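For reference, the structure is listed below as structure tokens.
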Amino acid sequence: MHSSAVFLIEFGAVILVLGLLGRLAGRLQFSPIPLYLLAGLAFGEGGLLPLGASEEFVATGAEIGVILLLLMLGLEYTASDLVSNLKTQYPAGLVDAVLNALPGAVMALLLGWGPVAAVVLAGVTWISSSGVIAKVLGDLGRLGNRETPVILSILVLEDLAMAVYLPIVTALLAGAGLAAGSVTLAIALGVAGLVLFLAVRYGRHISRFVSSDDPEKLLLVVLGLTLLVAGIAQQLQVSAAVGAFLVGIALSGEVAEGTHLLLSPLRDLFAAVFFVFFGLHTDPASIPPVLLPAMTLAVLTAGTKIATGYWAARRAGISARGRWRAGGTLVARGEFSIVIAGLAVTAGIEPSLGPLATAYVLILVVLGPLTARWTEPVARRVTARLAGRREPAAAAAVEGGGDGVAEEPREAVDDPDAVGRRS
């Protein structure tokens, strides 16, 4: 009974603190994610009030939080949207991989960690956090924006790439031979392809099976199906996030709308738990020794992610404001980066890799919501200032008898890409 009482007190205190932090963030019109992470640092190892009895429950809740975030993201789009976006955005996926994996690999080699650690750190810097980005898109009211499908396409390509990358990394860390690594990779690719095929081909039948006029039954069936598919996918070396996202893609029409309404409160609760859990496993004392290389990587790959999103949105015909928003939204790293680094730490490849990856992700998971919110306004102001400096030069050229410079058309005050923004 004593341990049960301690669990209730600890977990109740965590939820209460999260509610107060969320309220504070709402008043400041700011994403609560950085505040949740700081709360995790306070409750974690080396923090002010370390948790004990409730930590295992928090870990389970964190996994459910990521799954629900990706499920809700998948509900926003149909299977045909997914296939169309993947066909048109695969070049952006290639650009994303090159620009963002290369800095991590180079940093590992410069630090003398060897080729295997280079492959691991490349994955850490490559993959954006689908969980953080999904939460940011919801907080900023951008799920209906024109640039959001571009962002989702890049995230889905990254998640699907993990079905190939993770088996390769696991084989490298274990020192497995070519034959064993090939079998693992073939299984992962087959499962990912099967789940995607079922979502695209039989989505209507799945929606009919799940559909119910009773909210309680609909909630139980959708939640159970999502957790089941996510668990099977993870057991077969495919990301649980991919499985949950594809379940959301498979559901459409009234089922998707009803599910979105029912699961939104659960998503918000468990998503907050996920960010706290991330902070729980970050010892503040391990950050200072690796802070300089982590900050260097964070600044560099924040820039490469912004460039990736800008290029992909421009290729899709999005306006300049939407391009900057797409780039800024992709900056955050999170769950996948920690998973990848954890594999290397467990294998004992490089002792400093874990703390560096933790510091790197912590910096970008805090910076990510800020870049999502402020990249576009800052870029717009800088562009306006540069244009203001060009206008006097153009006027002087006209007065001097030159041909002058043609005035560039100004962007409309109303943002055509901000279809679903609340503010």
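Here the structure is a predicted model, which is why all the values come from computation and not from measurement. Side chains included, hydrogens not; waters and symmetry mates left out as well; all remaining heavy atoms used. All residue numbers refer to positions in the sequence shown, counting from 1.
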> Would you say T375's side chain and A372's backbone share a donor-acceptor pair under 3.5 angstrom?
Replying inline: no
> Does a donor on one side chain and an acceptor on the other come within less than 3.5 Å for T301 and Y360?
Replying inline: yes
>> Can you confirm whether I133 sits close enough to L330 that some side-chain heavy atom of one is under 4.5 Å from a side-chain heavy atom of the other?
In response: yes
> For atom CZ of R314, is the number of surrounding heavy atoms from other residues, nucleotides or ligands below 6.0 Å larger than 12?
Replying inline: no
>> Do T304 and D96 have side chains that approach each other closer than 4.5 Å (heavy atoms only, starting at C-beta)?
In response: no
>> Donor-acceptor pair, distance only, cut-off 3.5 Å: does the side chain of S337 make one with the backbone of R333?
In response: no
> Would you say the side chain of R267 lies within less than 4.5 Å of the side chain of L263, judging by non-hydrogen atoms?
Replying inline: no
> Taking side chain as C-beta onward, heavy atoms only, is R323 less than 4.5 Å from E147?
Replying inline: no
>> Could you measure the distance from the CG atom of L220 to the CG atom of L225? Nearest 0.5 Å is fine.
In response: 12.5 Å
> Out of curiosity, R325 CZ to T371 OG1, how far, rounded to the nearest 0.5 Å?
Replying inline: 13.5 Å
> Counting N and O atoms only, with roles assigned by atom type, does the side chain of S129 sit under 3.5 Å from a partner on the main chain of V132, one being a donor and the other an acceptor?
Replying inline: yes
>> Once rounded to the nearest 0.5 Å, what's the spacing between atom CD1 of I15 and atom CG of L20?
In response: 11.5 Å
> Which atom pair, heavy atoms only, marks the closest approach of P351 to P355?
Replying inline: O-CD, 3.3 Å
> Yes or no on side-chain contact (heavy atoms from CB on, under 4.5 Å) for V222 and L71, after CA distance, side-chain angles and deciding distance?
Replying inline: CA-CA 10 Å; V222 172; L71 169 66; 4.3 Å; yes
> How close do G309 and A326 get, heavy atom to heavy atom, and via which atoms?
Replying inline: O-CB, 3.8 Å
> Would a 4.5 Å heavy-atom cut-off, applied to side chains only, mark V120 and I349 as touching?
Replying inline: no
>> Working to the nearest 0.5 angstrom, can you tell me the gap between L364 CG and L370 CG?
In response: 11.0 Å
> Using the ring of each side chain (for Trp, its six-membered ring), is W324 parallel, tilted or perpendicular to Y310, with breaks at 30° and 60°?
Replying inline: tilted
> Is there a side-chain contact between R142 and I151, using heavy atoms and a 4.5 Å cut-off?
Replying inline: no
>> Consider side chain to side chain contact (heavy atoms under 4.5 Å, CB included). Of I67, L251, V221, which one does T226 pass it with?
In response: I67
> side-chain contact (heavy atoms from CB on, under 4.5 Å) between L297 and L356: does it pass, once the steps are laid out?
Replying inline: CA-CA 10 Å; L297 271 180; L356 187 146; 4.1 Å; yes
> About how many Å separate CH2 of W113 and OG of S352, when rounded to the nearest 0.5 Å?
Replying inline: 5.5 Å
> So do P377 and R373 actually touch side chain to side chain, heavy atoms under 4.5 Å?
Replying inline: yes
> Counting N and O atoms only, with roles assigned by atom type, does the side chain of T125 sit under 3.5 Å from a partner on the main chain of P103, one being a donor and the other an acceptor?
Replying inline: no
>> Looking at every non-hydrogen atom in both residues, tell me the closest pair between A97 and W126 and how far apart they are.
In response: CA-NE1, 3.5 Å
> For L266 and L219, what are the C-alpha separation, side-chain angles and deciding distance, and is it a side-chain contact (heavy atoms from CB on, under 4.5 Å)?
Replying inline: CA-CA 11 Å; L266 280 178; L219 173 64; 4.3 Å; yes
>> Suppose we screen for side-chain hydrogen bond (donor to acceptor under 3.5 Å, both in side chains). Which residues come up paired with T259, at least two apart in sequence or across chains?
In response: none
> When you measure from the side chain of R146 to the backbone N and O of G322, does any donor-acceptor pair fall under 3.5 Å?
Replying inline: no
> So which heavy atom on M72 is nearest to which on H260, and how close?
Replying inline: CE-O, 3.3 Å
>> What I'd like to find out is whether the side chain of S128 reaches to under 4.5 Å of the side chain of L155, using heavy atoms alone.
In response: yes
> Looking at L262 and P215, what are the two nearest heavy atoms and their distance?
Replying inline: CD1-O, 3.4 Å
> Quick one: CG on L68 to CD on E63, what's the gap to the nearest 0.5 Å?
Replying inline: 12.0 Å
>> On a heavy-atom basis, which atom in A316 and which in V150 lie closest, and how many Å separate them?
In response: CB-CG2, 3.7 Å
>> Salt bridge check, K305 against E158: does any charged N sit closer than 4.0 Å to a carboxylate O?
In response: yes
